Chemist: 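Would you mind keeping the following structure in view while I ask a few things?
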There are 2 protein chains.
Amino acid sequence: MISNATRSLSVTDHLREAILSGGLPAGTKLQEVRLSEELGVSRTPIRAALQSLSAAGLLDYAPNRGYVVREFPISELVDAYEIRGALEGLAARFTAERGLVDSQRQTIEQSLARGADILTSSSVMNDHVLGIIGETNAGFHDTIMEASLNRLLSQMTQMSFQIPRVSNRNIIAFSLDELRQRHDEHYLIYEALLARSATKADTLMRDHVASVKFAAVRALRETR
Amino acid sequence: MISNATRSLSVTDHLREAILSGGLPAGTKLQEVRLSEELGVSRTPIRAALQSLSAAGLLDYAPNRGYVVREFPISELVDAYEIRGALEGLAARFTAERGLVDSQRQTIEQSLARGADILTSSSVMNDHVLGIIGETNAGFHDTIMEASLNRLLSQMTQMSFQIPRVSNRNIIAFSLDELRQRHDEHYLIYEALLARSATKADTLMRDHVASVKFAAVRALRETR
DNA sequence: TCAATTAATTTTGTATACATTTTCAAATTG
DNA sequence: CAATTTGAAAATGTATACAAAATTAATTGA
């Protein structure tokens, strides 16, 4: 069932969140009239949202038969990390080849400093730490994506980011040691970008994503 | 201006073709009422088409300001081939790791045989040869994409395929020798897939796409 | 004459009625 | 009793009217 509370978000964001959070399990038929009644809007914005989410790969669509939340098998989760690694590696390569502008460098340094701050000060793992690290992580990766100045690439990477969240209904449970390793990897990638070492940046980024992949798969195995 | 002749195609296909063929140059505002009048349908299917093409990355969109055909700079064409190489290389890797089923093997062999047939028999380059080769090319790559059994990957690759066509309003002018080289590369990739040599298949596919990239860039430089 | 404001036009956002297709169940027939 | 057919219900596809926002032009003021 879909909450009607948050009307501030667009219908598309609302439905996407419901799918990615697991509120709408795979196989759920998303019917236009039903959704329009539940969300209190007409069928028109509902249709727009369904088309958008279908294009993003979250829904299956068949003409005259409507939209269904599609399956997200674990095997595809693994593949998604492989794809993400290849794309983000390429983004790191592009960024290293073209160089960082000052504002990008500052943004990355701030996210790194913020991550280092909390990882050196706190000795216990809790939701607060995970939250901060999650934000700095996103900031780091997003900046490199934007820095590569390639709309196509960033668009694709956004797509490949959505899949892992589906199966990760619980946030991946990293240990503090693991988080520190991931942070060190971020720092090494940043150094490669500064040194304009394209191949090194590519390789480091791919390995970094592979490490996250292992943690995600392990977390998934443990929770089942 | 948009031809109203081909009504068999959907509105989305019609508009996509108009954009990719250059009939609607970058910067063109696509207005709903205008398009609905020109194509003889209501605004509803027009809106669906515009949303779909925007999600596919062909149109820029701003709320309350509509859709505009976006720019496709040459630099992005080059990047698109890099992305395509990374993704198709990954697809080749997946396919090699998981193996080809008989039907896939047959499809690939047929496309290879058809390509070999025309490339060995004909000694002159014309539109007929280019057309046949174009089809067999698409068949080869599509089969590997499908064989990798990854919807996410095939979806992304379809996206990265669209960009090159935009700047290539004229089909890339390959020579017969070049086409034969590309065909040989296809055959080597196929052998690597059969041998389950994942890394080799990946590398060969990336190099193959890189070769096509060089030809595309050269063709673009020559026509300007 | 130039700038700012306001009004009119244009364009997109939304709602809703109608058309077409599909689906499911009941009824009919062998 | 099983299989097919048929019809009603429900779902998506389309068209159109109305609302809200943005753009453009005109007008007013200095």
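Keep in mind it's a predicted model, so treat the numbers as computed, not measured.
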Chemist: Under 30°, 30 to 60°, or over 60°: which ring-plane class applies to H141(A) and H186(A), parallel, tilted or perpendicular?
Modeler: perpendicular
Chemist: Within a 6.0 Å radius of atom CZ on R196(A), are there more than 12 heavy atoms belonging to other residues, nucleotides or ligands?
Modeler: yes
Chemist: How far apart are the closest heavy atoms of M205(A) and A92(A), and which atoms are they?
Modeler: CB-CB, 4.0 Å
Chemist: Which atom names give the shortest non-hydrogen contact between V11(B) and A49(B), and what distance separates them?
Modeler: CG1-CB, 3.8 Å
Chemist: Which is the 5'-most and which the 3'-most nucleotide of DNA chain D that has an atom under 4.0 Å from a heavy atom of chain B?
Modeler: dT14(D) to dT23(D)
Chemist: Collect all protein-nucleotide pairs involving nucleotides 10-12 of chain C in which both atoms are nitrogen or oxygen and the distance is under 3.5 Å.
Modeler:
| residue | atom | partner | partner atom | Å |
| --- | --- | --- | --- | --- |
| dT11(C) | OP1 | Q31(B) | OE1 | 3.3 |
| dT11(C) | OP1 | Q31(B) | NE2 | 3.1 |
| dT12(C) | OP2 | E32(B) | N | 3.2 |

Chemist: Which atom pair, heavy atoms only, marks the closest approach of L194(B) to L100(B)?
Modeler: CD2-CD1, 4.4 Å
Chemist: Does R218(B) qualify as a cation-pi partner of F214(B), given the criterion of NZ or CZ under 6.0 Å from the six-membered ring centre and within 45 degrees of its axis?
Modeler: no
Chemist: Kindly state each residue pair satisfying ring pair (Phe, Tyr, Trp, His ring centres under 6.0 Å) with at least one member in residues 18-64 of chain A, sequence neighbours excluded.
Modeler: Y61(A)-Y67(A)
